[in-house]
Amino acid sequence: MDNNMEKTPEPDITRGAELFDRKNCISCHATDGSGTGNETGPALWGENSFNDAAGMARFSKAAGYIQNNMPRGLENTLTDQEAADLAAFMLSHERPVADKSEVGTYHLNPGRDYITKERRKKIRDKTFDWESLDSVKKAKQ
Ligand code: HEC
């Protein structure tokens, strides 16, 4: 995912949940994603986290950020698949819904990978079609 044109692998949130524990994200971001503080680890979901119009609410952006910056101190150690699984797991949780004025037509374009409230629910139910996003490539079977 170093190359912006490269697509993000189709994720699996069950693997993402395991990785969140195994890669020690919980030590700074807490098991429930509520964080340990803005300096030590901000909230990743829940009421104190970024809202769903933030760049970080885009699946591809979150995966790229996680791969390049996390786990803090061990940056660039996650594979593309691991970063995608972690991003999907993080974005499957509820977070503040952006004010309508913040949500432009860009955000609402269905090919864009903002993970909206409707998508979060489908992701948790495992009925979300990841390939409907322009940024996602199909998982290898
Ligand atoms: C040693 C502590 C530490 C660990 C471990 C860690 N993080 Fe972080 N994380 C931070 C800090 C601190 C920030 C705030 C940005 C910064 O200072 O780099 C952050 C920021 C983030 C953000 C951006 C949040 C925002 O509001 O923009 C995401 C996403 C994230 N971390 C995910 C993860 C994931 C996933 C893992 C596990 C693979 C992880 N982090 C492991 C400390 C940590």
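Note that ligands are numbered from 1 as they come in the structure, with each ligand's atoms numbered from 1 the same way. Nothing here was measured: the structure is a model prediction, and the numbers come from that model.
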Checklist entry - Heavy atom under 4.0 Å from ligand 1: found in M90's side chain, backbone, both, or neither? => result side chain

For [atom], the protein heavy atom that lies nearest, with its residue and separation:
atom	result
atom 37 (C) of ligand 1	C25 SG, 1.9 Å
atom 3 (C) of ligand 1	C28 SG, 2.7 Å
atom 27 (O) of ligand 1	M56 CE, 3.5 Å
atom 25 (C) of ligand 1	F50 CD2, 4.0 Å
atom 41 (C) of ligand 1	P71 CA, 3.5 Å
atom 24 (C) of ligand 1	L44 CD2, 3.8 Å
atom 22 (C) of ligand 1	Y65 CE2, 3.3 Å

Next on the checklist: Checking the N or O distance criterion of under 3.5 Å, is ligand 1 in contact with N24?
Outcome noted: no

Checklist entry - Given the rule in the side-chain contact (heavy atoms from CB on, under 4.5 Å) test, do R72 and H29 qualify, once you have shown the distances and angles that lead to the verdict? => result CA-CA 11 Å; R72 203 179 202 206; H29 294 290; over 6 Å; no

Checklist entry - Is there a donor-acceptor pair under 3.5 Å between the side chain of D113 and the backbone N or O of S60? => result yes

Checklist entry - Counting N and O atoms only, with roles assigned by atom type, does the side chain of D80 sit under 3.5 Å from a partner on the main chain of A83, one being a donor and the other an acceptor? => result no

Checklist entry - How long is the span from the CE atom in M90 to the CZ atom in F59, to the nearest 0.5 Å? => result 10.0 Å

Checklist outcome for this item: E39 heavy atoms within 4.0 Å reach ligand 1 at atoms 12 (C)

Item to check | Close-contact set for ligand 1 against L86 heavy atoms, below 4.0 Å | outcome: 38 (C)

Checklist entry - Are L78 and L19 co-members of a hydrophobic cluster defined by side-chain heavy atoms under 4.5 Å apart? => result yes

Next on the checklist: If we count only N and O atoms by modelled type, under 3.5 Å, do the side chains of T14 and K126 hold a donor and an acceptor together?
Outcome noted: yes

Identity of the nearest option to [atom], non-hydrogen atoms only, from [options]:
atom	options	answer
atom 21 (C) of ligand 1	R22, M70, K23, Q67	M70
atom 8 (Fe) of ligand 1	R72, E82, H29	H29
atom 42 (C) of ligand 1	T40, I26, N48	T40

Item to check | Candidates R120, R58, K117, R95 - the one meeting salt bridge (Lys or Arg N to Asp or Glu O under 4.0 Å) with D52 | outcome: R120

Checklist entry - Out of curiosity, is P42 lining ligand 1, as in a heavy atom under 4.0 Å away? => result yes

Checklist entry - Would you call E82-R15 a salt bridge at under 4.0 Å N-O? => result no

Checklist entry - Do D85 and P11 come close enough that some side-chain heavy atom pair is under 4.5 Å? => result yes

Item to check | Worked check of side-chain contact (heavy atoms from CB on, under 4.5 Å) between I123 and W130 | outcome: CA-CA 9 Å; I123 291 169; W130 285 99; 3.6 Å; yes

